[in-house]
Amino acid sequence: MTSLRIRRPDDFHVHLRQGDMLRDVLPSTAMIFGRALVMPNTLPPVLTGDDAVRYERTIRDAAVMAGASAVDFQPLMTIKIVASTTPEIITEAKAKGVIAGKLYPEGVTTNSEDGPKNLRSLFPVFERMQSEGMVLCLHGEVPGVFCMDREEVFLHSLRDLAVIFPRLRMVLEHVTTAAAVQAVMDTSFLSPGVPGNVAATITPHHLLLTLDDVVGDKLRPHHFCKPIAKKPSDRDALVRAATSGNPRFFLGTDSAPHARDQKECASGCAGVFCAPVAMEVLAEVFEDHHALDKLEAFTSEFGARFYGLPLNEGHVTLMKPKDSPYAVPERIHIVDGEIVPFRAGETLRWLCEV
Ligand code: DOR
Ligand code: ZN
């Protein structure tokens, strides 16, 4: 049996939800990942330091209930940047342990109806994030633009922000295009004397999917997410970026569970629940591209370094059991329904254990 022991990974983008759903999905993340950056697009949203402290407590309580292997999981908290966010809210949130603010342009994805309509009015907020050392996480899509072009059009704003706020660390979340990969690499050189301030997260599913896997043959709602998977050439650029050893690209799973009936319906929610298979899928992709030696840095080093966090102490082991590959369940039962995980019903070559 082949095995690979790596430093315990971090997930720098996850949706843990609330209530019963939180309790049902948290173990998939908390049993493997040392830390995860928890997205604030809950209902109601996480808008202030106090909201984040409350949400963190709820997550920690759920981790205790999930059992021994989840208790040392550390949620990393974010607030949502909306039109009413002020510089004072940033300073107060930073003091309460919030490490990032997440900006969703209006209407681009789940629970983003309160997103800002224009970025310019938020410049005082970005200024304060820069001086406080709070990271700005960007859902990089422009609403109203044709869906395949939304990310690429957003890159103009990214370049502008990188010039105007050269010390504001920004993460372009869940990149899906070759153009975004290039933009992140280019911003390293925008301001002479200042190290590049832009990084990007890449999801496991965007390393595998193209638009064909969503709508090319049958409609596959469990592959539908925002930003939508793009062309094969885009997917290949993501794989090159993830396996390149470039520290600007690191793991954010964007694991985004929705109940099955909210996905398999006439107006389905966007989101792929990839947490239960994230490390296994990554091992598969990195192995297929002869880059297993680059996996640990992508999952366990580059993100922590960008955020200025110490590396995790523990380790996980990726195993490749010859006789018993990992059979991904068709469904995960939750209190009031079920969730279909990414790669449901398939067998995977790798299995990740703490
Ligand atoms: O597909 C997505 N689902 N993309 C996002 O940006 C949000 C997420 C969710 O919260 O469901
Ligand atoms: Zn997300």
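Remember, it's a predicted structure, so these values are computed and weren't measured experimentally. All ligand and atom numbering here is 1-based and tracks the order in the structure.
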*atom 4 (N) of ligand 1: which protein heavy atom is closest, and how many Å away?*
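Among all protein heavy atoms, the one nearest atom 4 (N) of ligand 1 is Lys226 O, 2.9 Å.
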
*Using the ring of each side chain (for Trp, its six-membered ring), is His174 parallel, tilted or perpendicular to His13, with breaks at 30° and 60°?*
tilted

*Hey, what's the ring geometry for Phe286 with Phe298, parallel, tilted or perpendicular (30° and 60° as the breaks)?*
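Taking Phe298 first and then Phe286, their aromatic rings sit tilted (interplane angle of 30° to 60°).
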
*asked:* Whether the Thr177 and Glu151 side chains hold a donor-acceptor pair (N or O, under 3.5 Å, no angle test) is what I'd like checked.
replied: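 Indeed, the side chains of Thr177 and Glu151 share at least one donor-acceptor pair under 3.5 Å.
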
_N/O/S atom of His13 inside 2.8 Å of the Zn ion (ligand 2), strictly under_ =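 Under 2.8 Å: His13 contacts the Zn ion (ligand 2) through an N, O or S atom.
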
_Taking 2.8 Å as the cut-off, does His139 contribute an N, O or S atom near the Zn ion (ligand 2), distance below it?_
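So His139 does not count as coordinating the Zn ion (ligand 2).
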
*Determine whether the side chain, the backbone, both or neither of Asn111 has a heavy atom under 4.0 Å from any heavy atom of ligand 1.*
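No part of Asn111 comes within reach of ligand 1.
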
Select the closest option to [atom] among [options], judged by heavy-atom distance.
| atom | options | result |
| --- | --- | --- |
| atom 10 (O) of ligand 1 | Thr203, Thr109, Asn41, Asp254 | Asn41 |
| atom 11 (O) of ligand 1 | His258, Gln262, His15 | His258 |
| atom 8 (C) of ligand 1 | Gly140, Cys225, Ala256 | Ala256 |

Test item, [X] contacting ligand 1 (heavy atom, 4.0 angstrom):
| X | result |
| --- | --- |
| Glu141 | no |
| Glu173 | no |
| Met39 | no |

Can you find an N or O of [X] that's nearer than 3.5 Å to an N or O of ligand 1?
| X | result |
| --- | --- |
| Thr110 | yes |
| Gly271 | yes |
| Ala270 | yes |

*Would you please indicate yes or no on a ring centroid separation below 6.0 angstrom for Phe12 and Phe306?*
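Between Phe12 and Phe306, which both carry aromatic rings, the centre distance is not below 6.0 Å.
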
_Hydrophobic cluster membership, with links at side-chain heavy-atom distances under 4.5 Å among I/L/V/M/F/W/Y: are Met77 and Leu47 in one?_
no

*Starting from the Zn ion (ligand 2), look over the N/O/S atoms of Asp254 and name the nearest one.*
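Going through the N, O and S atoms of Asp254 one by one, OD1 ends up nearest to the Zn ion (ligand 2).
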
*What is the distance from atom CG of Leu138 to atom CE of Met170, rounded to the nearest 0.5 Å?*
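Spacing of CG (Leu138) from CE (Met170) equals 6.5 Å.
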
